[in-house]
Amino acid sequence: MGLADRISATADRVVGAAKDRLGAVTGNAELQAQGLAQNAVGRAEGDGEDVEDTARDIVEDET
C-alpha cells in the first residue's frame with residue numbers, strides 16, 4: 001500500500017475528528033458516534049500501513 005492509502009487514512013481521521021467535535025458541540029450524539037468510529041477506522045488503517053512498512057523493511061534488510 002502506498003501514499004493513497006495513507007492519505008485516505010488521514011482523511012478518515014480528520015473527518016472523523018470534525019464530526020466528533022461537531023456532534024459534541026451541537027449535542028448530536030449520532031454524529032459524534034459516527035465521528036469517533038470514522039476516526040478509529042483511520043487510525044487502524046494508519047497503523048496497518050505502519051506495520052506493513054516495518055515488515056517490508058525487515059524483509060529488505062534480510063535480503
Side-chain angles (χ1 to χ4, degrees):
M1 299 294 156
L3 182 60
D5 293 321
R6 288 198 180 276
I7 292 170
S8 176
T10 300
D12 278 336
R13 289 178 57 201
V14 169
V15 172
K19 286 181 180 179
D20 175 24
R21 290 188 182 111
L22 183 59
V25 169
T26 61
N28 185 335
E30 183 177 343
L31 183 60
Q32 189 174 11
Q34 288 174 358
L36 289 170
Q38 189 169 0
N39 191 311
V41 166
R43 288 183 185 277
E45 289 172 347
D47 290 345
E49 288 293 316
D50 292 343
V51 168
E52 189 174 313
D53 288 345
T54 300
R56 187 177 301 111
D57 291 343
I58 290 170
V59 168
E60 288 175 0
D61 288 345
E62 293 297 319
T63 57

Working for salt bridge (Lys or Arg N to Asp or Glu O under 4.0 Å), residues Arg56 and Glu60 = CA-CA 6 Å; Arg56 187 177 301 111; Glu60 288 175 0; 5.2 Å; no

On a heavy-atom basis, which atom in [X] and which in [Y] lie closest, and how many Å separate them?
X     : Y     : value
Gln32 : Ala24 : NE2-CB, 3.7 Å
Ala9  : Gly46 : CB-N, 3.8 Å
Asn39 : Arg13 : ND2-O, 3.4 Å

Gap between atom [atom2] of [Y] and atom [atom1] of [X] - 0.5 Å precision:
X     : Y     : atom1 : atom2 : result
Asp47 : Arg43 : CG    : CZ    : 8.5 Å
Glu49 : Leu3  : CD    : CG    : 9.5 Å
Ile58 : Asp53 : CD1   : CG    : 11.0 Å
Asp57 : Glu52 : CG    : CD    : 11.0 Å

Of Val25, Leu36, Leu22, Asp20, which is the lone residue that meets side-chain contact (heavy atoms from CB on, under 4.5 Å) with Leu31?
-> Leu22

Thr54 side-chain N/O to Asp50 backbone N/O, donor-acceptor pair under 3.5 Å | yes

